[in-house]
Amino acid sequence: MYILHHTPDSAALVVRLVLEELKLPYQIAPIDRAGGALDTPAYRRLHPLGKIPALETPNGVMFESAAILLHLTEVTGKLAPAPGTPHRAKFLTWLFFTSNNLHPVVMHYYYPDRLAGAQNAEAVKAQAALTAKSLLTTLNQMITTDAPAWLTTEPSALGYYIAVLMRWLAEPCPPADYPALHNILSALETTPAALTCAQAEDLGQTIFTNPY
């Protein structure tokens, strides 16, 4: 049994989508974020930085979204190219492109004061939006030119990861501006996994292409 420490519409959503898609047994452990649960000793034992997500697995506690996704795909052999197969290298490259570049930009956009203080928040947010547009353009171009088998309209760990990040970037980066990515998002939001998570977290049905 997996235990996902969770708040709605947070980075835990990515993990929940993949758990649902893989049909793995899991329980939700709600986090009282407003009540300061992320800063408690109990939660810091799960995630030393007090961030989301944290996932209790049969092999121990995990945090960091990309690490969790990699682990889940490896233990099941699904939603990503298997280790040692020809497509694995490029999949890993773009997974960490997403984790190391796109995900931090989302955080800068929504929490700009954390990076440079309240006095510089607007400038940080504006730059984050510009950077996000450039990164999504790069992703869209890669899909258009390379047509990777591991990032298509079929469910994949990386597809769900990008879809959730684009959900949060929908205001500065409308999905329709990135046609190849938009096609993937449109398909993923109709999957049983996405519909189940959307209903559970009250997110609406077009959670990726038209979230707000």
Side-chain angles (χ1 to χ4, degrees), residues 6-21 51-53 64-66 68-70 72-73 79-80 90-112 124-148 150-212:
H6 173 277
T7 58
D9 206 10
S10 68
L13 175 59
V14 183
V15 179
R16 186 175 197 170
L17 284 160
V18 171
L19 289 169
E20 281 285 344
E21 187 65 46
K51 294 183 178 181
I52 301 167
E64 297 294 345
S65 299
I68 292 171
L69 297 184
L70 267 181
L72 294 177
T73 62
L79 301 187
K90 281 195 173 181
F91 161 74
L92 290 175
T93 296
W94 290 99
L95 174 64
F96 284 94
F97 171 92
T98 300
S99 176
N100 294 345
N101 294 282
L102 189 59
H103 199 156
V105 164
V106 174
M107 301 304 290
H108 296 163
Y109 183 79
Y110 278 97
Y111 306 103
V124 170
K125 186 172 183 177
Q127 182 58 52
L130 290 174
T131 303
K133 291 176 183 179
S134 176
L135 294 170
L136 291 174
T137 297
T138 299
L139 267 172
N140 192 78
Q141 184 176 7
M142 180 274 293
I143 297 166
T144 302
T145 57
D146 290 351
W150 36 266
L151 187 56
T152 68
T153 55
E154 293 298 313
S156 69
L158 182 54
Y160 279 125
Y161 194 6
I162 293 169
V164 170
L165 296 178
M166 289 187 70
R167 166 182 171 78
W168 299 329
L169 289 169
E171 183 179 274
C173 307
D177 290 353
Y178 312 92
L181 288 166
H182 187 270
N183 288 341
I184 293 172
L185 269 57
S186 296
L188 292 182
E189 69 187 7
T190 66
T191 63
L195 293 172
T196 296
C197 292
Q199 182 176 20
E201 301 191 20
D202 194 23
L203 303 179
Q205 291 191 332
T206 55
I207 61 171
F208 304 137
T209 59
N210 188 25
Y212 305 116

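Please read these numbers as outputs of a predicted model, since none were measured by experiment.
With sequence neighbours excluded, the residues that form a side-chain hydrogen bond (donor to acceptor under 3.5 Å, both in side chains) with S10 are T7. For E20, the side chain to side chain contact (heavy atoms under 4.5 Å, CB included) partners are Y26, A193, T196, C197, not counting sequence neighbours. In this view, N101 and F97, L135 satisfy the side chain to side chain contact (heavy atoms under 4.5 Å, CB included) rule, not counting sequence neighbours. Qualifying side-chain hydrogen bond (donor to acceptor under 3.5 Å, both in side chains) partners for T153, counting only residues two or more places apart in sequence or in other chains: none. With sequence neighbours left out, the side chain to side chain contact (heavy atoms under 4.5 Å, CB included) criterion links P192 to no other residue.
Listed by first and then second residue, the ring-ring contact (aromatic ring centres under 6.0 Å, His included) pairs that reach into residues 152-205 are H103-Y161, sequence neighbours excluded. Contacts classified as salt bridge (Lys or Arg N to Asp or Glu O under 4.0 Å) and involving residues 94-108 (residues at least two apart or in different chains) are not found. Residue pairs meeting the side chain to side chain donor-acceptor pair (under 3.5 Å) criterion with at least one partner in residues 133-144, sequence neighbours excluded, are absent.
When every heavy atom of V18 is checked against every heavy atom of A157, the shortest pair comes out as CG2-CA, 4.2 Å. Nearest approach of V105 to A132, heavy atoms of both residues: CG1-CB, 3.7 Å.
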(request) Take D177 and L136 through the test side-chain contact (heavy atoms from CB on, under 4.5 Å) and record every step on the way to the result. (result) CA-CA 9 Å; D177 290 353; L136 291 174; over 6 Å; no
(request) Start with the C-alpha distance between T131 and H108, add both sets of side-chain angles, then the distance that settles side-chain contact (heavy atoms from CB on, under 4.5 Å), and finish with yes or no. (result) CA-CA 10 Å; T131 303; H108 296 163; over 6 Å; no
(request) Take F91 and L70 through the side-chain contact (heavy atoms from CB on, under 4.5 Å) test and state the conclusion after the steps. (result) CA-CA 11 Å; F91 161 74; L70 267 181; 3.9 Å; yes
Anything under 3.5 Å between a donor and an acceptor, one on a side chain of residues 199-212, the other on a protein residue two or more places apart or in another chain? List them.
residue : atom : partner : partner atom : Å
E201    : OE1  : D9      : N            : 2.7
E201    : OE2  : H6      : NE2          : 2.7
E201    : OE2  : R16     : NH1          : 3.1
T206    : OG1  : N210    : O            : 3.0
T209    : OG1  : E189    : OE1          : 3.2
T209    : OG1  : E189    : OE2          : 2.7

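Taking the side chain as every heavy atom from C-beta outward, S99 and S65 never approach each other to under 4.5 Å.
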